[in-house]
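These values consider heavy atoms only, across backbone and side chains, with no hydrogens, waters or symmetry-generated copies. All residue numbers refer to positions in the sequence shown, counting from 1.
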Amino acid sequence: MSTQSNKGTALVTGASSGIGAVYADRLARRGYDLILVARNRDRLASLASRLTTETGRSVEVIAADLGDDRGIANVERILDNDASITMLVNNAGVGATAPLLESDPAKMEAMIKLNVVALTRLTQAVAPKFVARGGGTIINIASIVAIAPEALNGVYGATKAYVLAFSQSLHHELSDKGIRVQAVLPGATSTEFWAIAGRPVENLPSAIVMSATDMVDASLVGLDQGELVTIPALPDIADWNAFEGARQALRPNLSHSRPAARLLANA
Ligand code: NAP
């Protein structure tokens, strides 16, 4: 049974579980056909089969490791060639909870590759296509650690700060070309992420943990409302606007021919 008219195809990375699987469900119900990407083909196939039955949408499955150049290139090719794609959800990501000094450098590098390099390359593959077609939507899943990097592992926080900054820059560059960009900054969300990152979600206070369905539903409302940055848990948007306003207020004073008076050696 078809639920809504076709809105083109959404390519969702990290769709085999957690937040990405909920995006797949909600976008199918909103009328998108889907291309679902992750490493676990069996999980993707079972989600695809359920969504096809329940929504009547076409759902394609791509098993790819986005921590690997070949896997990234496979998905880049699809974004480059499939003119039906109208939305990219850059969701695949991993985290870490241990401090830097206790972390394996190879794991930190792998996290940067997935959270930063893959997200950037997939965006760069699809953005010119969206520009040429006069529209498209890019949703980048960042995290509240983008603005609270002291909370978890610092490399994880830094990867998400990158996602936020990249999204703000994309919006600046592409919004007048018909392209919608949204950075989503979830707080703690109940998924396998936490166990994989080294701290099972059951160990967190339940008062700070949101369900993945609530998180995604709220973020899609934020998208509908035109938010560039959506923090699903933040009660008052005025708080974000004040934070962002303070950043913008620095702009005229970030580059001058002379150092600030307080920094002059003989001041
Ligand atoms: P999750 O349930 O562990 O989902 C992660 C997804 O990424 C899975 O589908 C996984 O699938 C995929 N993935 C992992 N490594 C991959 C790789 N090398 N190549 C391709 N796909 C890969 O966790 P989640 O909470 O839904 O995380 C989704 C996003 O939300 C991440 O970017 C995360 O940083 C962000 N986030 C989560 C929270 C939270 O509290 N959960 C908070 C803020 C932000 P396969 O294993 O099948 O590849």
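- The aromatic rings of Tyr162 and Phe166 sit parallel, their planes meeting at an angle under 30°, below the 60° perpendicular limit.
- Residues Ile139 and Val216 share a single hydrophobic cluster, defined by chaining ILVMFWY side chains whose heavy atoms lie under 4.5 Å apart.
- Donor-acceptor pairing under 3.5 Å is lacking for the side chains of Thr189 and Thr191.
- Evaluated for a side chain to side chain contact (heavy atoms under 4.5 Å, CB included) with Arg57, the options Leu51, Asn6, Thr52 yield exactly one hit, Asn6.
- Of all heavy-atom pairs between His256 and Asn253, the closest is NE2-OD1, 2.8 Å.
- Asp80 places no side-chain N or O within 3.5 Å of a backbone atom of Glu76 that could act as its donor or acceptor partner.
- For the 3.5 Å distance criterion, the side chains of Ser103 and Asn153 qualify, holding a donor opposite an acceptor.
- Taking both residues in full, the closest heavy atoms of Ser17 and Arg43 are given as CB-NH1, 3.4 Å, listed atom of the first, atom of the second, then distance.
- Criterion: ILVMFWY side-chain heavy atoms under 4.5 Å apart, direct or through other members. Under it, Val229 and Ile144 are part of a common hydrophobic cluster.
- Residues Met215 and Val145 do not share a hydrophobic cluster, clusters being chains of Ile/Leu/Val/Met/Phe/Trp/Tyr side chains in contact below 4.5 Å.
- The structure places CD1 of Ile196 at 15.0 Å from CZ of Arg199, a figure rounded to the nearest 0.5 Å.
- Here the OG-CG distance, from Ser219 to Asp214, works out to 10.5 Å after rounding to the nearest 0.5 Å.
- Across all non-hydrogen atoms, the minimal contact from Asn115 to Val94 is ND2-O, 2.8 Å.
- In terms of modelled atom types and a separation under 3.5 Å, the side chain of Ser58 and the main chain of Asp33 share no donor-acceptor contact.
- There is no side-chain donor-acceptor pair under 3.5 Å between Ser16 and Asn40.
- Of all heavy-atom pairs spanning Ser143 and Leu185, the tightest one is O-CG, 3.3 Å.
- The number of heavy atoms from other shown groups lying within 6.0 Å of CZ (Arg50) is above 12.
- Of the possible polar contacts, one joining the Thr13 side chain to the Asn91 backbone as a donor-acceptor pair under 3.5 Å is found.
- Here Glu173 pairs with nothing under the side chain to side chain donor-acceptor pair (under 3.5 Å) rule; sequence neighbours left out.
- With a 6.0 Å radius and a threshold of 12 heavy atoms from other residues, nucleotides or ligands, Arg70 has its CZ atom at or below the threshold.
- A donor-acceptor contact shorter than 3.5 Å links the side chain of Arg180 to the backbone of Leu223.
- Contact detail for Trp240 and Gln168: the closest heavy-atom pair is CZ2-NE2, 4.3 Å.
- A side chain to side chain contact (heavy atoms under 4.5 Å, CB included) with Leu220 is found for one member of Thr230, Leu27, Val184 and no other, namely Leu27.
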**OP:** I would like to know whether Val163 and Ile141 meet side-chain contact (heavy atoms from CB on, under 4.5 Å); could you show each step before the answer?
**Re:** CA-CA 8 Å; Val163 174; Ile141 307 301; over 6 Å; no

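- Annotation: side chain of Glu244 is not in contact with side chain of Leu228 (no heavy-atom distance under 4.5 Å).
- Residue Leu234 holds its CG atom at 11.0 Å from CZ of Phe243, rounded to the nearest 0.5 Å.
- Heavy atoms of other residues, nucleotides or ligands lying less than 6.0 angstrom from CD of Gln124 number 12 at most.
- Put simply, CG on Asn140 and CG on Asn90 are 5.0 Å apart, with the number rounded to the nearest 0.5 Å.
- Ion pairing between Lys129 and Asp82 fails under the 4.0 Å rule for side-chain N and carboxylate O.
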Original post:
Can you check side-chain contact (heavy atoms from CB on, under 4.5 Å) on Gln182 and Thr137, steps first, answer last?
Top reply: CA-CA 8 Å; Gln182 183 194 29; Thr137 301; over 6 Å; no

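- Atom-to-atom distance recorded for Leu34:CG and Met87:CE is 10.0 Å, nearest 0.5 angstrom.
- The existence of a salt bridge linking Arg121 and Asp69 is confirmed by a sub-4.0 Å separation between a basic side-chain nitrogen and an acidic carboxylate oxygen.
- Atom CG of Asp217 is separated from atom OH of Tyr23 by 9.5 Å, given to the nearest 0.5 angstrom.
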**OP:** Decide side-chain contact (heavy atoms from CB on, under 4.5 Å) for Val126 and Leu11; before the verdict, give the C-alpha distance in whole Å, the side-chain angles of both, and the deciding distance to 0.1 Å.
**Re:** CA-CA 10 Å; Val126 85; Leu11 188 147; over 6 Å; no

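- No side-chain heavy atom of Leu170 sits under 4.5 Å from any side-chain heavy atom of Ile179.
- Residues Ala96 and Met108 share a closest heavy-atom pair of CB-CE, 4.1 Å.
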Subject >> Worked check of side-chain contact (heavy atoms from CB on, under 4.5 Å) between Trp194 and Thr97 >> reply: CA-CA 8 Å; Trp194 286 94; Thr97 54; 4.1 Å; yes

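- By the rule that hydrophobic residues join a cluster once side-chain heavy atoms approach within less than 4.5 Å of another member, Ile138 and Ile35 end up as members of one cluster.
- Using a distance-only test at 3.5 Å, with no hydrogens or angles considered, no donor-acceptor pair links the side chain of Ser49 to the main chain of Ala45.
- Using a distance-only test at 3.5 Å, with no hydrogens or angles considered, a donor-acceptor pair links the side chain of Arg133 to the main chain of Ile85.
- Under the 4.5 Å side-chain heavy-atom criterion for ILVMFWY residues, a single connected hydrophobic cluster contains both Leu122 and Phe130.
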